[in-house]
Amino acid sequence: MAFHLNLSPLALWMLTTIIFSLCFATESNEERTSELLSLQSRSSSGIIHLNDQSVARFITSVKTPRPYSLLIFFDAAQLRDKSELRLTELHKEFSIVASSFITNNANHSSLSKLFFCDIDFKESQLTFSQFGVNSLPHIRLVGPNHGLKDSEHMDQGDFSRLAESMAEFVESRTKLTVGTIHRPPLLSRNKIILITVGFLIWLSYFVKKLLTGETLLHDPRVWLAGSVFVYFFSVSGAMHNIIRKMPMFLVDRNDPSKLVFFYQGSGMQLGAEGFTVGFLYTLVGLLLAFMSHGLVKIKSVKVQRVVMIFALLVCFLAVKQVVFLDNWKTGYGIHGYWPSNWNF
């Protein structure tokens with residue numbers, strides 16, 4: 001007759017703890033500390049990867065007070081693609097804190113008093129359950145006198161300053177000094193050399209073209225395009241959008257399938273509104289510039305008149321649309337363009 005053994009998570013945890021306690025009872029704290037230092041030295045980032053077995057070995061099977069603390073980053077590889085969790089970014093910042101602590105305390109006794117670790121949900125679900133971790137991101141400090149449940153966790157709001165916040169959390173809880181945060185350079189040494197060589201080659205070519213007057217800076221069309229861009233950037237409210245971080249559009253509250261590009265009310269301006277009005281302003285400016293600088297060069301008077309009438313009509317409609325949008329948005333009325341004695 002077959003016998004099936006069904007263990008609850010609590011019973012399984014107790015059984016695992018008892019087994020590892022018996023296995024590691026003869027090991028001293030110095031041996032465990034030496035092993036942690038060895039694991040740390042073999043890690044390129046200074047982070048020790050834990051699982052259910054190593055948690056039992058270095059935490060639950062060791063009598064308190066332990067001679068070390070463990071700062072554990074709880075991770076889940078299957079959730080790395082969820083940008084709102086920022087697991088990839090936070091884990092990178094966690095590794096920066098770990099490497100900075102190791103670098104700053106390389107010749108100090110503090111190096112053996114704090115170890116940075118990570119653990120993945122897929123391979124260590126029992127540990128997640130023991131710690132009571134049910135949401136990510138999650139960082140927990142297991143101090144010398146801490147068990148699993150009474151260990152201290154880092155508040156979600158403290159992740160805003162990334163590595164600096166993590167360092168402050170460590171220093172405030174352990175009384176150890178993390179030291180200066182050493183971030184990796186944006187460019188490696190080889191990339192800097194390659195960019196420098198490329199820049200010197202380009203600089204010699206540019207100086208040659210500059211002396212012969214064949215650069216883009218000598219092309220009037222470049223300055224014309226730049227002027228139009230600056231004008232559009234100024235009248236479209238682009239700087240307002242950047243400073244206030246305004247969205248281009250909103251989702252209609254009454255009908256989520258529709259988008260709102262124009263917001264009625266003077267309290268807010270969407271990005272699409274500014275770009276639309278900026279386009280109309282730029283269109284009028286370009287037409288007026290064309291009539292005053294380009295149209296006059298055409299010899300046919302008939303063509304001049306037709307083009308001018310068409311351009312003025314477009315300018316009139318564009319300005320009228322701007323006035324209409326301003327009145328619809330703010331409620332302010334604008335007087336007509338015609339003299340008061342003209343009755344239409």
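Side chains are part of it too, since the values below use all heavy atoms of this structure and drop only hydrogens, waters and symmetry mates.
Nearest heavy-atom pair, Q264 versus W328, reported as atom, atom and distance to 0.1 Å: NE2-O, 3.2 Å. Among all heavy-atom pairs drawn from G147 and V142, the shortest one is O-CG1, 4.3 Å. The minimum heavy-atom distance between V97 and M166, with the atom names listed, is CG2-CB, 4.0 Å. The two residues D255 and S257 have their closest heavy-atom pair at OD1-OG, 2.6 Å. Scanning all heavy atoms of the two residues, the minimum distance from N51 to S124 falls at CA-OG, 3.2 Å. The two atoms that bring M248 and L270 nearest to each other are O-CB, 3.8 Å, heavy atoms only.
Looking at heavy atoms from C-beta onward, L141 lies in side-chain contact with L114 at the 4.5 angstrom threshold. When side chains are defined from C-beta on, L87 counts as touching L79, because their heavy atoms get closer than 4.5 Å. With contacts defined as side-chain heavy-atom distances shorter than 4.5 Å, the pair S165/L162 does not qualify. With contacts defined as side-chain heavy-atom distances shorter than 4.5 Å, the pair E123/H49 qualifies. Side-chain contact between L111 and H108: absent, with no pair of heavy atoms (C-beta onward) separated by less than 4.5 Å. Residues F310 and L287 form no side-chain contact, since every pair of their non-hydrogen atoms from C-beta on lies 4.5 Å or further apart. F290 has its side chain within reach of V307: a pair of non-hydrogen atoms, C-beta onward, lies under 4.5 Å apart. Side-chain atoms of L295 and M308, non-hydrogen and from C-beta on, do get closer than 4.5 Å to each other.
Placement of L280 and L286 in two distinct hydrophobic clusters is found when ILVMFWY residues are connected by side-chain heavy-atom separations under 4.5 Å, directly or transitively. Follow the hydrophobic side-chain contacts under 4.5 Å out from F275 and you never reach V284; the two are in separate clusters. Hydrophobic clustering (side-chain heavy atoms under 4.5 Å, transitive across Ile, Leu, Val, Met, Phe, Trp, Tyr) keeps V277 apart from V319. Residues L325 and L250 do not share a hydrophobic cluster, defined by chaining ILVMFWY side chains whose heavy atoms lie under 4.5 Å apart. Connection of I309 to V301 is not established within any shared hydrophobic cluster, with ILVMFWY side chains joined at heavy-atom distances below 4.5 Å, either directly or through further cluster members.
Atom OH of Y281 sits in a sparse spot, with 12 or fewer heavy atoms from other residues, nucleotides or ligands closer than 6.0 Å. More than 12 heavy atoms of other residues, nucleotides or ligands sit less than 6.0 Å from atom CG of L200. Taking a 6.0 Å sphere around OH of Y263, one finds it holds 12 or fewer heavy atoms contributed by other residues, nucleotides or ligands. Taking a 6.0 Å sphere around CG of N107, one finds it holds 12 or fewer heavy atoms contributed by other residues, nucleotides or ligands. Around CZ of F261, the count of heavy atoms belonging to other residues, nucleotides or ligands within 6.0 Å exceeds 12.
Checked against the 6.0 Å centroid threshold, F279 and F232 do not count as a close aromatic pair. Between F74 and F128, the distance separating the two ring centers is shorter than 6.0 angstrom.
A donor-acceptor contact closer than 3.5 angstrom links the side chains of D118 and H91. No side-chain N or O of R57 forms a donor-acceptor pair with one of S61 less than 3.5 Å apart. With 3.5 Å as the limit, one finds no donor-acceptor pair spanning the side chains of N190 and S188. Inspection of the N145 and T64 side chains reveals no N or O donor paired with an N or O acceptor under 3.5 Å. Between N104 and H182, the side chains place a donor N or O and an acceptor N or O closer than 3.5 Å (distance only, hydrogens not considered).
Salt-bridge check for R86 with E93: failed, with every basic side-chain N at 4.0 Å or more from each acidic carboxylate O. A salt bridge does not link R80 with E89: every distance from a Lys NZ or Arg NE/NH1/NH2 to an Asp or Glu carboxylate oxygen is 4.0 Å or more. Between R221 and D219 there is a salt bridge, with a side-chain nitrogen of the basic residue lying less than 4.0 Å from a carboxylate oxygen of the acidic one.
The line from CG of D81 to OG1 of T88 is 8.5 Å long, rounded to the nearest 0.5 Å. Note: E35 CD to L39 CG = 5.5 Å, rounded to the nearest 0.5 Å. Distance check, rounded to the nearest 0.5 Å: CZ of R140 to OG1 of T127 gives 12.0 Å. With rounding to the nearest 0.5 Å, the separation of CD1 in I72 from NE2 in H153 is 14.0 Å. Taking CD from E30 and OG1 from T33, the interatomic distance works out to 6.5 Å, rounded to the nearest 0.5 Å. Distance check: I102 CD1 to L37 CG gives 9.5 Å after rounding to the nearest 0.5 Å.
A donor-acceptor distance shorter than 3.5 angstrom exists from the side chain of R66 to the backbone of I59, with no hydrogens or angles considered. Here the side chain of T60 pairs a donor or acceptor atom with the backbone of A56 at under 3.5 angstrom. Remark: the backbone N or O of Q130 is paired with a side-chain donor or acceptor of K149 at under 3.5 angstrom. Judged purely by atom type and a 3.5 angstrom limit, S234 uses its side chain to pair as donor or acceptor with the backbone of V230. Checking side-chain atoms of N327 against main-chain N and O of V323 turns up no donor-acceptor pair under 3.5 Å. Between the side chain of Q304 and the main chain of I298, a donor-acceptor pair closer than 3.5 Å is present.
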Problem set entry | Derivation of the ring-ring contact (aromatic ring centres under 6.0 Å, His included) call for F262 and F249 | CA-CA 8 Å; F262 291 85; F249 52 82; over 10 Å; no
Exercise. Stepwise, does the side chain to side chain contact (heavy atoms under 4.5 Å, CB included) test hold for I48 with F116?
Worked result: CA-CA 6 Å; I48 301 171; F116 293 78; over 6 Å; no
For this session: Under the side chain to side chain contact (heavy atoms under 4.5 Å, CB included) rule, what do M154 and F169 come out as? Steps first, then yes or no, please.
Result: CA-CA 7 Å; M154 187 173 174; F169 173 76; 4.2 Å; yes
Problem set entry | Full working for side chain to side chain contact (heavy atoms under 4.5 Å, CB included) between F131 and S151 | CA-CA 8 Å; F131 276 101; S151 55; 3.6 Å; yes
For this session: Check the pair L210 / F206 against side chain to side chain contact (heavy atoms under 4.5 Å, CB included), numbers first and verdict last.
Result: CA-CA 6 Å; L210 183 64; F206 175 77; 4.2 Å; yes
For this session: For salt bridge (charged side-chain N to carboxylate O under 4.0 Å, His left out), just list the numbers for R183 and E164, CA-CA rounded to whole Å, side-chain angles, deciding distance to a tenth of an Å, and then say yes or no.
Result: CA-CA 11 Å; R183 295 186 177 276; E164 286 72 16; 3.2 Å; yes
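Under the side chain to side chain contact (heavy atoms under 4.5 Å, CB included) test applied with S95, the options S43, S45, S100, S44 reduce to a single match, S45.
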